[in-house]
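Notes follow the structure.
Below, chains carry the letters A, B, ... as their sequence lines are ordered, and counting in each starts from 1. The shown structure was predicted, so the numbers you read here are calculated from the model rather than taken from an experiment.
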Amino acid sequence: MIEDEVILSVKNISKTFGGLKALMDVSFDVKRGEVFGIIGPNGSGKTTLINCITGFVKPGSGHVIFKGREITGWKPHRIAHIGIARTFQIMRPYYSLPAYKNLIIPLWSPRAKKIGGWRGGGRHGDRDTVAVDILEEIGFERDSRVPYKIASTLPTGYQKRLELARCIAIRPEIIFCDEVFSGLSMSEIAGMLPLIEKMKMDGMTIIMVEHRLRELFRVAERVMVLNFGEKIAEGRPDTVIEDKRVKEAYLGSEGV
Amino acid sequence: MEQMRKERVDRGLKVRTEGIYAISSYREMAYLLGPRLFFILAVLSLPFILDLAPYWKRVINIMCTYAILAISFDFLANYVGLVCLGGAFFTGIGGYLSAIFNTYLGMPVYLSMPAATLGGAVLCTLLLLPCLPLRGVYFAIVTLMYPLLITRVIEALNIFGGTNGMTGVDSLPNEYVEHYLVILLSLLFLFGMRRFVNQDIGLVLRGVKDNDQSVRASGIDVTSMKVMAVFIASFMGCFSGAYMAHLYMWAGLSLFALDFSIIPIASVVIGGGGTLIGAVIGSFILVPLSELLRAFGTFRIVIYSVALTAFIVFKSEGIMVYLQRKYHQFERWVKI
Ligand SMILES: Nc1ncnc2c1ncn2[C@@H]1O[C@H](COP(=O)(O)OP(=O)(O)O)[C@@H](O)[C@H]1O
Ligand SMILES: [Mg+2]
């Protein structure tokens, strides 16, 4: 692997929703294997930025380049297929299915079939076994009943983990996490942090949108700050938070 | 006074442990297979039982035809999330195609029916392709319009026999072929679809119903999944249509009648949605019922509607869901 290889390059993305400027000329680069944070007050365009990159919203202008290849405006399933996974801020598991059956869907995807390589799984392996393996990795106790419960009956903490597991199942190169910590208690977050670190150890590049700055700064190497759709700062967490414009943007909002 | 509460308890069989099947004794196998075998044997023996009442023998064919349409509706609505009111569209296309193949091209019945089923499914899928991005009620309305549209086209252009329809369609060889063709195919579709929806690919379709955004984010093309589902559903519907064309030896505009869209839905409501077998049971109740009510003339619609409304209000879960619960669980009163 090349040191400091830029895996994702976002250039001058803009997006307007009927007059509302949700994103203005946002650019940033992410290096392979790093944890990159995106922060900003509510409504500053973080989710819209993820949507533009992952194909759920067509950017008005600008370019998204993944491993040197232009992917701007591709359909979401094609973008996922080449290795960019995402969670949803408003998470909706497949409610009517048991937790482990939720993972059959990503495991059935052309990408998962092509890559295979899950223990005992792979192209012709038993997907149920692989699904339970993944859930165990992400913190579902294997011998308990939790992995077999219907997804709608799971507590929020487990639903968030399930959302992450759904991403991991397609073995992506990049994962976008949209506020996976929000709505969780301190101890639940403490339980999730090692998962993020483990995903990083496994070689995934992680881009985290977060409100919980203290927790984010424990894992993120660099962060970028959005405010009213504009990028106002980028750099190491400790320097960014001292930035005058960042302090102004956060003043009076939910804060650190 | 002591307060009592109704408690539901799962029957103590291993086969019931949430999705993991562990069949360990003949008793458990009988528990699983019993109801299925009973149902299959009962349906298969219908033509012989009804030898006693010849008028009702024809009802078997219609019952099974509607059962197939109801399976098709239940599959699309409850396993893929596409509420398709186009049952009449499928029967019409299938019926007309089979009649065309049979009378214009001179294909024998055993070729025209499969060709119409397959060709009709392809045609219906292609025609429905533009509607696939529509959701919920919009998809429902558009699919409801399709049969109306085609009847107007046939009327206006006066093609395929115009309002008189196409006569001279070959009949099926004999009465027993008529019965058993449709009985065996409805059983085949029923058990085939039950197997299909529980396979991994069936789960993906259910994922599309629950949350299509997540399916997209997993790298699966939702549109192609919907295309496949619509193809399967229209395949079943077109078979029903082709069968009816040969049964009545005629293909006319009434193959596009609203009944073929509405009665399957009512059957699914009565039988219990999302069970597939409920769809069959529902049509086995509704079709004979509407035959019985035929004596009342147009007033039967009133009786029919009242019965349906009462059913939805008092037993909205559907017969099959209710029976399954009673079969797998027992209830008892306990003190609080
Ligand atoms: N699909 C949409 N249609 C119209 N406006 C939208 C849409 N998505 C987001 N917005 C608007 O764009 C702005 C940015 O929203 P969002 O990206 O969700 O912010 P964040 O995730 O940072 O809280 C908000 O003002 C929001 O109302
Ligand atoms: Mg957001």
Item checked: CZ (B:Arg135) with more than 12 external heavy atoms under 6.0 Å ->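 Result for CZ/B:Arg135: open.
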Checklist line | Atom OH of B:Tyr138: over 12 foreign heavy atoms under 6.0 Å | finding: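 At most 12 heavy atoms, drawn from other residues, nucleotides or ligands, come within 6.0 Å of this atom.
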Next item on the list: I would like to know whether B:Asp210 and A:Arg92 meet side chain to side chain contact (heavy atoms under 4.5 Å, CB included); could you show each step before the answer?
Entry: CA-CA 8 Å; B:Asp210 273 3; A:Arg92 284 193 303 153; over 6 Å; no
To the nearest 0.5 Å, what is the distance between [atom1] on [X] and [atom2] on [Y]?
X        : Y        : atom1 : atom2 : value
B:Ser218 : A:Ile104 : OG    : CD1   : 12.0 Å
A:Tyr94  : B:Asp212 : OH    : CG    : 9.0 Å
B:Leu203 : A:Leu103 : CG    : CG    : 11.0 Å
B:Lys209 : A:Tyr95  : NZ    : OH    : 13.5 Å
B:Ser214 : A:Arg166 : OG    : CZ    : 4.0 Å

Item checked: chain B contact via A:Pro98 - side chain, backbone, both or neither, heavy atoms under 4.5 Å ->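 The answer is neither part of A:Pro98.
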Checklist line | Under 4.5 Å from any heavy atom of chain B - which part of A:Ser96 | finding: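 For A:Ser96, heavy atoms of backbone and side chain both lie under 4.5 Å from chain B.
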Next item on the list: Work out which heavy atom in B:Ala217 is nearest to a heavy atom in A:Arg86; give both atom names and the distance.
Entry: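 In terms of heavy atoms, the two residues are closest at CB-CG, 4.1 Å.
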Checklist line | Which atoms of B:Ile201 approach chain A - backbone, side chain, both or neither, heavy atom under 4.5 Å | finding: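 Contact with chain A is through both the backbone and side chain of B:Ile201.
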Next item on the list: Identify which part of B:Arg216 has an atom lying under 4.5 Å from any heavy atom of chain A, answering side chain, backbone, both or neither.
Entry: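 Both backbone and side chain of B:Arg216 come within 4.5 Å of chain A.
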Next item on the list: Mark yes or no for whether B:Asp200, through its side chain, and A:Ile105, through its backbone, hold a donor-acceptor pair below 3.5 Å.
Entry: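 No, because the side chain of B:Asp200 does not come within donor-acceptor range (under 3.5 Å) of the backbone of A:Ile105.
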Margin query: By the definition side-chain contact (heavy atoms from CB on, under 4.5 Å), identify the one residue from B:Val204, B:Ile220, B:Val215 that meets it with A:Ser109.
Written below: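 Per the side-chain contact (heavy atoms from CB on, under 4.5 Å) rule, the option paired with A:Ser109 is B:Ile220, out of B:Val204, B:Ile220, B:Val215.
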Next item on the list: Evaluate the side-chain proximity of B:Val222 to A:His77: yes if any heavy-atom separation is below 4.5 Å, no if none is.
Entry: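 Heavy-atom side-chain distance check fails, nothing below 4.5 Å.
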